[in-house]
Structures are given as structure tokens and as C-alpha cells.
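Order of appearance sets the numbers: ligands from 1, and atoms from 1 within every ligand. Keep in mind that this is a model prediction, so the values were computed, not measured.
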Amino acid sequence: MHTILILNGPNLNLLGTRQPDIYGRTTLADIERLCTEHGAANKLSVICKQSNHEGTLIDEIHAARGRCDGIVLNAGAYTHTSIALMDAISSVELPVVEVHLSNIHAREAFRRRSRIAPVAVGQIAGFGPLGYRLAMDALVDMARSGT
Ligand code: CA2
């Protein structure tokens with residue numbers, strides 16, 4: 001059985017409580033449930049983590065090595081700034097799919113740059129919570145086809 005880590009970064013614990021015009025009304029607990037259910041339907045084991053701290057996110061990425069087959073990562077605002085997260089992803093040699101609820105390319109200019117994208121296998125942005133499921137499907141497809 002494949003194991004996927006769903007890793008969410010800073011402020012995503014506030015989902016569904018503020019700025020629903022940008023991020024919708026779905027809570028982080030709803031997203032984690034959706035991922036767990038999608039995992040169960042596809043015979044996957046799913047681990048969900050969230051942290052507001054860069055170092056903790058890095059620790060989670062390190063811990064995924066040998067334990068997980070891939071990572072779905074919404075690094076929140078660290079996406080645009082964190083070379084440390086970028087280095088952590090490179091170091092573990094696991095496939096990472098970068099996910100964003102909003103379309104970061106249609107927002108402020110500073111959100112268009114991603115430090116994660118160069119070390120991710122791909123990026124999904126703008127589809128809200130559906131993006132997490134699409135990212136899981138991409139990882140499973142890659143693992144099962146051996147790419
Ligand atoms: O669109 C996304 O998923 C983002 O990763 C969300 C980040 C943002 O900095 C990225 O540019 C794009 C922000 C997450 C903040 O989430 C909140 C949720 C509710 C209320 C306030 C913030």
C-alpha cells in the first residue's frame with residue numbers, strides 16, 4: 001500500500017473561518033477528511049499534518065523519507081520565500097506535488113514566484129480543495145506506473 005503525506009503550512013488552520021471570498025468555506029478538517037476518504041477509496045494510507053512553523057514543516061518532510069511515497073504540499077506563504085523548504089524537498093528525493101487553493105498566478109505578483117515549483121514534480125493551483133485530490137491522483141499514477 002502506498003502512503004501519502006498531506007502537508008499544510010502556515011495559516012491554513014484558519015481555513016473556512018476567514019477570507020471565504022479567496023479561500024472558500026471548507027475547513028482544514030474538511031480537506032483532511034476529503035484526502036483520507038479519497039485515500040481509502042484508492043487503497044492508500046494518508047497522513048495529514050499542518051504547521052505554522054517552517055522548521056516543523058521541514059522536520060515533517062525529513063520524516064516522510066522512508067515512511068511515505070509522496071507528499072502533497074501546500075506550503076502557504078512559505079511557498080514564495082522558503083529556500084529551506086526547497087532544500088528539504090530536494091534532500092528527501094520524494095515526489096512532491098505543490099498545491100494551492102487559489103490561483104496564485106492570478107493574484108499579487110509576489111505570489112507568482114514559487115520556491116517549491118523547481119523541486120516539485122508539478123503544481124496544481126486554483127481548484128480549491130479538489131486540488132488535493134488531483135495531487136493525490138498524480139502521485140499514485142506516477143508510483144503505479146513507475147515514473
Ligand atoms: O492558495 C493557497 O493555497 C495559498 O497557499 C494560501 C496561502 C497564501 O499565502 C499562498 O500565496 C497561496 C495563505 C493561506 C492563508 O489561509 C488563510 C485562510 C483563512 C484565513 C486567512 C488565511
Judged by modelled atom types alone, do D87 and S90 share a side-chain donor-acceptor pair under 3.5 Å?
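No donor-acceptor contact under 3.5 Å links the two side chains.
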Tell me, yes or no, whether the heavy-atom count around R144 atom CZ, taken from other residues, nucleotides or ligands under 6.0 Å, exceeds 12.
yes
Measure and list all N/O to N/O distances between ligand 1 and the protein that fall under 3.5 angstrom.
{"unit_1": "ligand 1", "atom_1": "1 (O)", "unit_2": "L101", "atom_2": "N", "d": "3.3"}
{"unit_1": "ligand 1", "atom_1": "1 (O)", "unit_2": "S102", "atom_2": "N", "d": "2.9"}
{"unit_1": "ligand 1", "atom_1": "1 (O)", "unit_2": "S102", "atom_2": "OG", "d": "2.5"}
{"unit_1": "ligand 1", "atom_1": "3 (O)", "unit_2": "N74", "atom_2": "ND2", "d": "2.8"}
{"unit_1": "ligand 1", "atom_1": "3 (O)", "unit_2": "L101", "atom_2": "N", "d": "2.8"}
{"unit_1": "ligand 1", "atom_1": "5 (O)", "unit_2": "N74", "atom_2": "OD1", "d": "2.8"}
{"unit_1": "ligand 1", "atom_1": "5 (O)", "unit_2": "H100", "atom_2": "ND1", "d": "2.9"}
{"unit_1": "ligand 1", "atom_1": "9 (O)", "unit_2": "A77", "atom_2": "N", "d": "3.4"}
{"unit_1": "ligand 1", "atom_1": "9 (O)", "unit_2": "R111", "atom_2": "NH1", "d": "3.0"}
{"unit_1": "ligand 1", "atom_1": "11 (O)", "unit_2": "H80", "atom_2": "NE2", "d": "2.7"}
{"unit_1": "ligand 1", "atom_1": "11 (O)", "unit_2": "R111", "atom_2": "NH1", "d": "2.8"}

Main chain of A125, side chain of N103: is a donor-acceptor contact present, judged purely on distance under 3.5 Å?
no
Q50 CD to L14 CG distance, which is reported to the nearest 0.5 Å
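Going from the CD atom of Q50 to the CG atom of L14 covers 8.5 Å.
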For H62, give me all partners under side-chain hydrogen bond (donor to acceptor under 3.5 Å, both in side chains), at least two apart in sequence or on another chain.
none
What class does the angle between the rings of H100 and H80 fall in, given that below 30° is parallel, 30 to 60° is tilted and above 60° is perpendicular?
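If you compare the ring of H100 with that of H80, the planes turn out parallel.
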